[in-house]
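Heads up, the thing below is written out as structure tokens.
None of these values were measured; they are calculated from a predicted model.
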Amino acid sequence: MAAAAAATSFSALSKHSLSLNTSPQVPQKAPPFLLPKTLQKPNLSHATHKTHITLSSKNPISDLVSTDKKSSDDFSSYFNDDDDKPREECGVVGIYGDPEASRLCYLALHALQHRGQEGAGIVTVNDNKVLQSVTGVGLVSEVFNESKLDQLPGDLAIGHVRYSTAGSSMLKNVQPFVAGYRFGSVGVAHNGNLVNYRKLRAILEDNGSIFNTSSDTEVVLHLIATSKTRPFFLRIVDACEKLEGAYSMVFLTEDKLVAVRDPYGFRPLVMGRRSNGAVVFASETCALDLIEATYEREVYPGEVLVVDKDGVQSLCLMPHPEPKQCIFEHIYFSLPNSIVFGRSVYESRHIFGEILATEAPVDCDVVIAVPDSGVVAALGYAAKAGVPFQQGLIRSHYVGRTFIEPSQKIRDFGVKLKLSPVRRVLEGKRVVVVDDSIVRGTTSSKIVRLLKEAGAKEIHMRIASPPIIASCYYGVDTPSSEELISNRMSVEEIREFIGCDSLAFLPLDSLKKLLAEESPNFCYACFSGKYPVQPKEVMVKRIGDFVDDGLNGSPGSIDGGWVQAPLNQDVQKVSEAGKLSSLT
């Protein structure tokens, strides 16, 4: 605790924080990217957004509740075909010591856009030591423009991108959150999920706390505000010691930037530094690359890093157990050019493909990928099998969030909007199709139909992950276990459902063998049903296949579409013989 003793006490001066919430008004054309002067800033056209300006109260996050009702009924914007994949809930950024912190934060959030596309926000500290925020619904380039970033001066900033499915609750849950309390103001951006959120919230409400959002992040702010410890970063330590589950968070005060990672290290968080000495935290190294920050190291599991005028101080949050880092970061979530948990994501996926080619070979003429996340594994498969890799499916990167379907219904419309088969590559060929995962199986079946219609002679699906049989409770949006096709069917039954000629998954044992001595440091709960931190009264989503297409089903079916997760998380899996067997 020597570092703690040397830290500067948190300011006792209470400040008002200024919040500017953008309404979910999407411009007809996304504005050009806003570059800092050090990165050759261009002239920009301004997009029009409506803002709300309020002063914060002593109730955490009360100023983030929007009175704009326009988005509440516009559910259709938020349901989109995402290839039936698990979705990463969010990405975070923190910057200390750069005069263009907000613009660099904006660019870093753009690099993390794949981690969340439904909302974005930035909080900075201005010259008067007031925390100012701009949050909004939509992509980073839709929420921010030149005028918005001009309202975010200062050399400290934190940012957040968020994924969510429910349109009505979007705006008030967009982070970072800003709260005022008796010793000042604090902003927070959180990636992860707290499995004891409801228990903590009930205790806080019994003691008089008032909640304004449905986000578990708000619990953290209430715990900080009610903590009796000092200085400020020890309040964070005190709060985090009560949390269970996954959290990688960045905090901002009038003069400090704090980064913290849960003791298991479920979600990634890295630290880098720019040439001018500015310290940067981000969920992935791809964000550091874009803003020309050099990667230094990960924030260690259970570590708190405090950055202020005295430099960077590190202290241990608590004695941490064996790390349980999310293996899906390497399978799907992270960009291939990122270094996550000390490993190259590109190299991991390439080897996954090589393992599939070795353990599940098949006579074929061409290897293709389901873009974009299956590409690197497909390259690995093709290289190991000695078969050419070609682009048999072309992905459209210009698909918006809503479409008007012709009156004469088009089969598999949602998939066809995003994926177009190349007939000259597929016609008359025995095709290996490499994808990163199968969740419900509905999109995979549509892709197989698409390839058959394009003339493929045989279709052999190879999946660069083990079968997903259990929901994730650590910051990943997955369906309930009843909806996961690998939890209900054997591999052969899934093959019949999808309609392909053969199907093989990456064996879990082979995955662990690849990770070698690091294997115990990863979380495989979605493949095994064995949870490092037992979920407690966690709500899991059961929203049906309409999310797969983005067009079928009523948004109203979300209401009441939540089920209580059983306290005893015995996960049932269909064995190869088609019989249920308990994993516990």
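Side-chain atoms of R115 come within 3.5 Å of backbone N or O of C90 as a donor-acceptor pair. The main-chain N or O of G265 is found under 3.5 Å from a side-chain atom of R261 such that the two form a donor-acceptor pair. Using modelled atom types, no side-chain atom of E218 and backbone atom of L221 make a donor-acceptor pair closer than 3.5 Å. Here the side chain of Q113 pairs a donor or acceptor atom with the backbone of V140 at under 3.5 angstrom.
Both cation-pi conditions hold for K512 and Y524: the charged atom is under 6.0 angstrom from the six-membered ring centre and inside a 45 degree cone around its axis. Under the 6.0 Å distance and 45° angle rule, R297 counts as a cation-pi partner of Y300. Both tests pass for R201 against the ring of F211: distance under 6.0 Å to the centre and angle within 45° of the axis.
By the 4.5 Å heavy-atom criterion applied to side chains, V533 and Y473 are not counted as neighbours. Between L104 and R274, some side-chain heavy-atom pair lies under the 4.5 Å cut-off. Within the 4.5 Å cutoff, the side chain of S465 has no heavy atoms near those of the D436 side chain. Within the 4.5 Å cutoff, no side-chain heavy atoms of I469 are placed close to those of L484. Put simply, the side chain of L252 does not reach to within 4.5 Å of the side chain of V186, judged on heavy atoms. You'll find the side chain of N193 stays beyond 4.5 Å of the side chain of Y247, heavy atoms only. Between L112 and C286 there is a side-chain heavy-atom pair separated by less than 4.5 Å. The shortest side-chain heavy-atom distance between M271 and E296 falls under the 4.5 Å cut-off.
The pair E518-R343 counts as a salt bridge, with a side-chain nitrogen and a carboxylate oxygen less than 4.0 angstrom apart. In this structure, E329 pairs ionically with R267, as a charged nitrogen and a carboxylate oxygen lie closer than 4.0 Å.
Taking a 6.0 Å sphere around CG of D127, one finds it holds 12 or fewer heavy atoms contributed by other residues, nucleotides or ligands.
The aromatic rings of Y474 and Y531 lie perpendicular to each other, with more than 60° between the two planes, well past the 30° mark. Between F328 and F333, the two ring planes are tilted [angle within 30° to 60°].
Considering V188, D238, I236, V219 in turn, I236 is the only one that fulfils the side chain to side chain contact (heavy atoms under 4.5 Å, CB included) rule with I224. Only one option out of V250, V270, N191 pairs with S283 in a side chain to side chain contact (heavy atoms under 4.5 Å, CB included); it is N191. In summary, of the residues considered (L305, I95, V258, L288), a side chain to side chain contact (heavy atoms under 4.5 Å, CB included) with F281 occurs for L305 alone.
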Test F183 against F232 for ring-ring contact (aromatic ring centres under 6.0 Å, His included), laying out the working first.
CA-CA 9 Å; F183 294 117; F232 168 74; 10.0 Å; no
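Here the closest non-hydrogen pair linking L257 and A157 is CD1-O, 4.4 Å.
Judged purely by distance below 3.5 Å, without hydrogens or angles, the side chains of Q175 and T135 never pair a donor atom with an acceptor atom.
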